[in-house]
Each structure stands twice: as C-alpha cells, then as structure tokens.
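Read through the structure below, which is laid out as structure tokens, and then see the notes.
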Amino acid sequence: MPLTLDRDTARRVAVAAQLLTAQRPADIVEAVDGLTIVNVDPTAAVAPSADLILWSRIGWPYQPADLARVEQVDRAVFEWGGFYRPMTDLPLLRPDMRRAPLWEGTRAWFEANTRFRADVLERLRAEGPVHAAQVPDTAQVSWRSSGWTNNRNAQQMIEVLVARGEAAVWGRDAKGRLFDLAERVYPADSPQLADEDAVRERAERRLGALGIAREKSVAQPGEPIDVGGVGERAVVDGVQGEWRVDAAALAAAESFSPRTALLSPFDRMVFDRGRLVELFDYEYILEMYKPAAKRRWGYFALPILHGDRFVGKLDAKADRKAGVLRIHAVHEDVPFTRPIADAVDAEIAALAAWLGLEPVYD
C-alpha cells in the first residue's frame, strides 16, 4: 500500500529536499550536491540564475567568485546541459554522453564532419581553454537551421563534443563559456558504471532533490530523466494520483524548520508548474517573454516562499548604475499577516545587501 501524506507534509518534503529550510547548506558544493542541478541561465534582471539559486540556499556568505573558484580551480562542480552539477555525478551522465547526439539530423551532420571534429579537438588541445568564436570553421558540411545557429559551425561542433564528453566547459568569463578538452576538466579516475546502474542512481538523485514527484513528471531541458520506480509510493490527501517520495526528505520534513526565501524564476522548486498548483495551490508563470501590458506580476518576478507555502511574487530589478534594487511591487497571493510582511521585508533587505544595492520601493 502507498504511504498517505497530508498536503502540509507533502509540501514540507518538497521544501526540505530543495534545501529551503532554516538548516542551510554550509557551502556551494553541499548545495549543488543536494540540488543535483543549478540552472545557468544568464538573465540578470536581479542576478544571474545560478547566483540567485545558490544565494537563496546558502545566504549572505555566497559570492559569485566562489562559484568560479569551485568550478575552475577545485573542479568540484562542472557545467553540462545548461546546469551546474556536482563532479561526483559525472558517471551518472556517461550513458547520455555515449548516446549523443540523439537527433538524427545532428548525428548525420556530426558524422559528415569527421575532419572538422578532429580540427576542433586539435585546436582545444593546442590553445584551450578558448571561446567558440576563437575556433576556426573548417566544416566540410555547414550547419543549417532557421534560427540563430545557422552556419555557426564551430559553436555547434563544440556543443556536440561537450554533449559527448569529448570536450567540456572549462569555465566562464565576461564573454561567456570557455571550452577545453574533457580530459583536462574531468577527473581521470571517475568511476565507470553500467548504464542501468547510472540511470537508476540518477533517478534516485533526482527524487532526492525533489523530495516528492510524479513517476513521470515535467522534465527540465537537458535533464529529461523521470524518477521512474525509485522511492516509495505515496498518495497526497485531496490530490489525485500517485507520487513517489524520497525517504530521506520525508524524514527531514518531520523536523521542519521554516524560513522565508526569494527564488529565481528558473529555480527547480518552481519549474514544475503542475506540482506547484497541486501541492501548494500556487500559480506562477515567468512573464519576461510577454508584452509588458499583459504581465500580471512583472518581467522577472521572484516567487516568495514563506515556510511551506508560496505567498506571493516580488517584482524587482537591480539598477546597478543607480546603485539600487528597485522594488516595483510585492504581489500578495494571500493577505500578508504582520509576521509574513516582516519576514518578506527582511528577505528583500538581505537580497539588496547581498547585491550591494539600496532597496528602493516605487
């Protein structure tokens, strides 16, 4: 028989698994390991996504320079598929790397450019780390698309080589990603797992980071694996269907210690919009792609978590030239009590202080 959870417990399982309780992770490595993936989207209306995600977990000690050090010097995390990941998870991605590229058109293009592939790898060996723009285009067959990648042969070849684990993202600078040979980024003694073991462990890691999820849930781009049959079967009072719940996250929820957090729109906690509605009764849409007149909450509204409930959205923008964090609106999904209002104000002040900006309410 499946476990039966009330919605309060289900929410606390999800929040605890995402490291959003008062027991904060001690550092970047612990945070990335617990989350398994940290989105790298560079949109910086408030702060780049990875920085905002890590600040919301670690708090004021976190600084972007620390992430660069952990990635480029310590090699404790790496970037692959649009996310920062713990280096210890590299063996779990090897099956996907061995299968890449998956799309038939990309594979045909890759196989038609054998000499170009060798040229790119040789350039990385001789000069890496380099930006893709620094790699000469010697393609035998040009990459064709209807979008911005049309004729960007070096960029596309490097993307395929990274997906295959032959090249790797070395790190980032002000111009973007730097690439090098994978052997100079990834550890040589990384364990080798059978494909089925890697797939199962990756599913277990995914469920551990989510706490509670549908067996087949929403997959993030570049992170398509579902939780499958791992964890324990569960049902949630008032919610149709079965879930899978992680035992460790369920145990952590028993000693739940709440706090207030401002989340990135790209945070894994809010990515599955269906789960947000089912467990939290919370509606959220990133409106940066909408015309301004059609936005309800703002260009880059930050979800506001208070304890085990989402209570609103913060419409804010970092104006670094003026040295201020402009607070356009604090949207209340539920009427704020004085304790909620005080906690949200304190978190906004903490965000502004971390950014080195003065909060200004419009």
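All values reported here derive from a predicted model rather than from experimental measurement. Numbers for residues simply follow the sequence, beginning at 1.
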Legend entry - Minimum-distance pair of heavy atoms, taken over all atoms of D8 and R309: OD1-NH2, 3.6 Å
Inset, instruction - For R177 and R172, indicate whether the former's side chain and the latter's backbone hold a donor-acceptor pair under 3.5 Å. - result: no
Legend entry - Counterpart residues, salt bridge (charged side-chain N to carboxylate O under 4.0 Å, His left out), relative to D281 (two or more places apart): R7
Inset, instruction - Give a yes or no on whether a salt bridge exists between E278 and R214, defined as a side-chain N under 4.0 angstrom from a carboxylate O. - result: yes
Mind listing the side-chain donor-acceptor pairs of residues 232-251 below 3.5 Å, one per line with the distance, residues two or more places apart or on another chain?
from: R233; atom 1: NE; to: E242; atom 2: OE1; distance (Å): 3.2
from: R233; atom 1: NE; to: E242; atom 2: OE2; distance (Å): 3.4
from: R233; atom 1: NH2; to: E242; atom 2: OE2; distance (Å): 2.7
from: R244; atom 1: NH1; to: G229; atom 2: O; distance (Å): 3.2
from: D246; atom 1: OD2; to: A248; atom 2: N; distance (Å): 3.3
from: D246; atom 1: OD2; to: A249; atom 2: N; distance (Å): 3.0

Please list every donor-acceptor pair under 3.5 Å in which a side-chain atom of residues 179-187 meets a protein atom from a residue at least two apart or in another chain.
from: D180; atom 1: OD1; to: R184; atom 2: NE; distance (Å): 3.1
from: D180; atom 1: OD1; to: R184; atom 2: NH2; distance (Å): 2.8
from: D180; atom 1: OD2; to: R184; atom 2: NE; distance (Å): 3.3
from: E183; atom 1: OE2; to: R125; atom 2: NH1; distance (Å): 3.3
from: R184; atom 1: NH1; to: R125; atom 2: O; distance (Å): 3.3
from: R184; atom 1: NH2; to: L124; atom 2: O; distance (Å): 2.7
from: R184; atom 1: NH2; to: R125; atom 2: O; distance (Å): 3.2

Inset, instruction - Take D137 and N153 through the test side-chain contact (heavy atoms from CB on, under 4.5 Å) and record every step on the way to the result. - result: CA-CA 6 Å; D137 179 357; N153 295 309; 2.8 Å; yes
Inset, instruction - Output all residues satisfying side chain to side chain donor-acceptor pair (under 3.5 Å) with D41, sequence neighbours left out; order by chain, then residue number. - result: T43
Inset, instruction - Report yes or no: does R268 contribute a side-chain atom to a donor-acceptor pair with the main-chain N or O of L35 at less than 3.5 Å? - result: yes
Legend entry - Ion pair R200/D197, N-O distance below 4.0 Å: no
Inset, instruction - Under the side chain to side chain donor-acceptor pair (under 3.5 Å) rule, collect the residues that match up with R117, sequence neighbours excluded. - result: E166
Inset, instruction - Only counting residues at least two apart or in another chain, list the ones meeting side chain to side chain donor-acceptor pair (under 3.5 Å) with D74. - result: R69
Legend entry - Hydrophobic cluster membership, I327 vs V360, 4.5 Å side-chain cutoff: no
Inset, instruction - Using modelled atom types only, decide if a donor and an acceptor are shared between the side chain of D267 and the backbone of V270 within a distance under 3.5 Å. - result: no
Inset, instruction - Ignoring hydrogens and angles, tell me if any N or O in the side chain of H131 forms a donor-acceptor pair with the backbone of L178 under 3.5 Å. - result: no
Residues 86-95 side chain polar contacts: donor-acceptor under 3.5 Å, at least two apart:
from: D89; atom 1: OD1; to: R205; atom 2: NE; distance (Å): 3.1
from: D89; atom 1: OD1; to: R205; atom 2: NH2; distance (Å): 3.4
from: D89; atom 1: OD2; to: R205; atom 2: NE; distance (Å): 3.4
from: D89; atom 1: OD2; to: R205; atom 2: NH2; distance (Å): 2.9

Legend entry - For E283, salt bridge (charged side-chain N to carboxylate O under 4.0 Å, His left out) partners two or more places apart: R296
Inset, instruction - Using distance alone, with no hydrogens and no angle criterion, decide if T21 and R12 have a side-chain donor and acceptor under 3.5 Å apart. - result: no
Inset, instruction - Would you sort out whether R202 and D96 count as a salt bridge (Lys or Arg N to Asp or Glu O under 4.0 Å), showing the intermediate values? - result: CA-CA 11 Å; R202 193 173 173 195; D96 280 6; 2.8 Å; yes
Legend entry - With sequence neighbours excluded, residues passing side chain to side chain donor-acceptor pair (under 3.5 Å) with R107: none
Legend entry - Side chain to side chain, K317 and D362, heavy atoms closer than 4.5 Å: no
Legend entry - Positive for side-chain contact (heavy atoms from CB on, under 4.5 Å) with L302, one of S264, P265, S56: P265
Legend entry - Closest approach of Q23 to S257 (non-hydrogen atoms, all atoms of both residues): OE1-OG, 2.8 Å
Inset, instruction - In plain terms, say whether K313 and E287 are close enough for a salt bridge, that is, a side-chain N and a carboxylate O under 4.0 Å apart. - result: no
Legend entry - Contacts of F280 that satisfy ring-ring contact (aromatic ring centres under 6.0 Å, His included) - sequence neighbours left out: F310
Legend entry - Side-chain hydrophobic cluster, 4.5 Å single linkage: members besides L102: none
Legend entry - Residue pair L19 / A31: nearest heavy atoms and the distance that separates them: CD1-O, 3.6 Å
Legend entry - Exam field: side chain D272 to backbone R275, donor-acceptor pair closer than 3.5 Å: yes
Legend entry - Residues R85, E79; criterion salt bridge (Lys or Arg N to Asp or Glu O under 4.0 Å); working and verdict: CA-CA 6 Å; R85 306 166 186 270; E79 180 181 341; over 6 Å; no
Legend entry - Donor-acceptor under 3.5 Å (D66 side chain, Q63 main chain): yes
Legend entry - Q134-R123 side chain donor-acceptor pair, cut-off 3.5 Å: no
Which donor-acceptor pairs under 3.5 Å do the side chains of residues 336-354 make with protein atoms, sequence neighbours left out?
from: T337; atom 1: OG1; to: I340; atom 2: N; distance (Å): 3.3
from: R338; atom 1: NH1; to: D342; atom 2: OD1; distance (Å): 3.2
from: W354; atom 1: NE1; to: Y62; atom 2: O; distance (Å): 2.7

